[in-house]
Engineer: 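First the structure, then my questions, so here it is.
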2 protein chains.
Amino acid sequence: MTPAEIQDTVSALFCAFLEENKQRKTPERLAILKCIYNQTEHFNVESLHQQLKELPGNISRATVYNTIELLLDCRLIIKHQFGKSLAQYEKSYQSKQHDHLICEDCNKVFEFCDPRIHQIQRTTEELTNIKVSHHSLIFYGHCQSWQKFEKCEHKDQDL
Amino acid sequence: MTPAEIQDTVSALFCAFLEENKQRKTPERLAILKCIYNQTEHFNVESLHQQLKELPGNISRATVYNTIELLLDCRLIIKHQFGKSLAQYEKSYQSKQHDHLICEDCNKVFEFCDPRIHQIQRTTEELTNIKVSHHSLIFYGHCQSWQKFEKCEHKDQDL
DNA sequence: CTTATTGCAAAGTGTTTGCATCTTA
DNA sequence: TAAGATGCAAACACTTTGCAATAAG
């Protein structure tokens, strides 16, 4: 699927969701979705709002928060709370489930995937009799204890 | 170990830590540690401060934050960020490692323990070449989809 | 034309900081 | 008695809310 095809698909999905839920299809909401699906990394409300200010239309922070809520509802984005107060988001259409490893030396966020988390989930569901809908697994580590610093040099980036 | 013995032990550990790090042994710090080790559940800064206000001495929120930082450093407490902005803490001396399942219907927090998380950790360390120091695993679920509501009735508590 | 949505600014919430005062070592 | 810790209040950072103006259906 090309980036353009993905943009079209998520727009269509969002419009369908809005109709179903009797919410209005505003240019602001579609612009925000488009901007989000142009991101390649995690993003936060502030960085998104900065980018939206470049566009014509003057989209306010309140609208960004409002739209993010809708996009979370229809599962087109995922929210992460990586320990700091600042919430991080990422687009989720067609991206496979993954978890995160955060290096506390350089603040870099790595993604990984391990099927055994689902086994733990199933066991926990059986044990507690509570159906699990989603999870958050974050490892916190230190790159400097095992390797040369240049391998992990993005000091104080993102997050 | 009786509760009183635990109190004595953690006080001694904290004092040793303070001496080692050339920090002062103030009555406020010891009172905060004692109050924390009287908690049976997760707590937050606000609830802790409320309880401390009952005591003589008038301990300020700033001192609570300061002391919590020290207690985190010497690993006598653990911090959790359960998705909301409000940070939760729990005492950690002699408590075995565990993870959390949060029911989104009733906000109740369950604890569980699964050794397979360490296998995932080891694999991830090998894969990324980053040494993991700690982790956070949270399952989010819904009790009402599988069982009667009365089994999980503490609506809107804690968190 | 009706009502949801918007932009703005103000209010909230949890945490951090600056500073004068007090207290530990 | 000097460096560090305290209490207070103000500052902060991120998020939510109230409201008049606007625009979607």
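Throughout, a chain's letter reflects where its sequence line sits, starting with A, and its residues are numbered from 1.
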Engineer: Look only at the side chain of B:H49 and the backbone of B:I59, and say whether a donor-acceptor pair between them is shorter than 3.5 Å.
Structural biologist: yes

Engineer: Checking the side chain of A:Y93 only, and the main-chain atoms of A:T9 only, is there a donor and an acceptor separated by less than 3.5 Å?
Structural biologist: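 The answer is no, because no donor-acceptor pair under 3.5 Å joins these two groups.
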
Engineer: Restricting to non-hydrogen atoms, name the atom on A:C15 and the atom on A:K25 that form the minimum distance, rounded to 0.1 Å.
Structural biologist: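 Looking at all heavy atoms of both residues, the shortest contact is SG-CD, 3.5 Å.
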
Engineer: To the nearest 0.5 Å, what is the distance between CG on B:N38 and CG on B:L33?
Structural biologist: 9.5 Å

Engineer: Quick one, which residues of residues 45-55 of chain B touch DNA chain D with a heavy atom under 4.0 Å?
Structural biologist: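 Here the set is empty: none.
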
Engineer: Without swapping roles, check the side chain of A:H80 against the backbone of A:I78 for a donor-acceptor pair under 3.5 Å.
Structural biologist: no

Engineer: Taking for each residue the nucleotide of DNA chain D with the nearest heavy atom, is it B:R29 or B:A62 whose nucleotide lies nearer the 5' end?
Structural biologist: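 Checking each residue's closest nucleotide, the 5'-ward one belongs to B:R29.
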
Engineer: Reading DNA chain D 5' to 3', which nucleotide is the first, and which the last, to come under 4.0 Å of any heavy atom in chain A?
Structural biologist: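 Both ends considered, the range comes out as D:dC14 to D:dG25.
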
Engineer: Near B:R75 CZ, under 6.0 Å, is it more than 12 heavy atoms from other residues, nucleotides or ligands?
Structural biologist: no

Engineer: Taking all non-hydrogen atoms of both residues into account, name the closest pair between B:Y37 and B:L76 and its distance.
Structural biologist: OH-O, 2.7 Å

Engineer: Taking the axis from the first five pairs and the axis from the last five, what angle separates them in the helix from C:dC1-D:dG25 to C:dA25-D:dT1, rounded to 10 degrees?
Structural biologist: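 What I find for the helix from C:dC1-D:dG25 to C:dA25-D:dT1 is an axis angle of 30°.
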
Engineer: Measure the CD-CG distance between A:Q50 and A:L52 for me, rounded to the nearest 0.5 Å.
Structural biologist: 9.5 Å

Engineer: Does B:Q119 reach the main-chain N or O of B:P115 with its side chain, forming a donor-acceptor pair under 3.5 Å?
Structural biologist: no

Engineer: Please determine whether the number of non-hydrogen atoms from other residues, nucleotides or ligands lying under 6.0 Å from atom CD of B:E41 exceeds 12.
Structural biologist: no

Engineer: Quick check: does any side chain N or O of B:D114 sit under 3.5 Å from a backbone N or O of B:R116, one acting as donor and the other as acceptor?
Structural biologist: yes

Engineer: If you measure from OG on B:S136 to CG on A:D99, what distance do you get to the nearest 0.5 Å?
Structural biologist: 10.5 Å

Engineer: Check the distance between C:dG14's P and B:Q81's CD and give it to me in whole angstrom.
Structural biologist: 11 Å

Engineer: Does a side chain donor of either A:Q88 or A:H100 reach within less than 3.5 Å of an acceptor in the other side chain?
Structural biologist: no

Engineer: Which residues in residues 63-75 of chain A have a heavy atom closer than 4.0 Å to any atom of DNA chain C?
Structural biologist: A:T63, A:N66

Engineer: Going by the rule salt bridge (Lys or Arg N to Asp or Glu O under 4.0 Å), which residues pair with A:K34 if we only count those two or more places apart in sequence or in a different chain?
Structural biologist: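 Residues passing salt bridge (Lys or Arg N to Asp or Glu O under 4.0 Å) with A:K34: none at all.
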
Engineer: Judged by atom type as modelled, is there a donor-acceptor pair below 3.5 Å linking the side chain of A:K79 to the main-chain atoms of A:A87?
Structural biologist: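 No, the answer is negative, given that no donor and acceptor are paired below the 3.5 Å cut-off.
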
Engineer: Please enumerate all protein N or O atoms sitting under 3.5 Å from an N or O of nucleotides 23-25 of chain C, with distances to 0.1 Å.
Structural biologist:
| residue | atom | partner | partner atom | Å |
| --- | --- | --- | --- | --- |
| C:dT23 | O2 | B:R24 | NH1 | 3.4 |
| C:dT24 | O2 | B:R24 | NH1 | 3.2 |
| C:dT24 | O2 | B:R24 | NH2 | 3.3 |
| C:dA25 | OP1 | B:K25 | N | 3.1 |

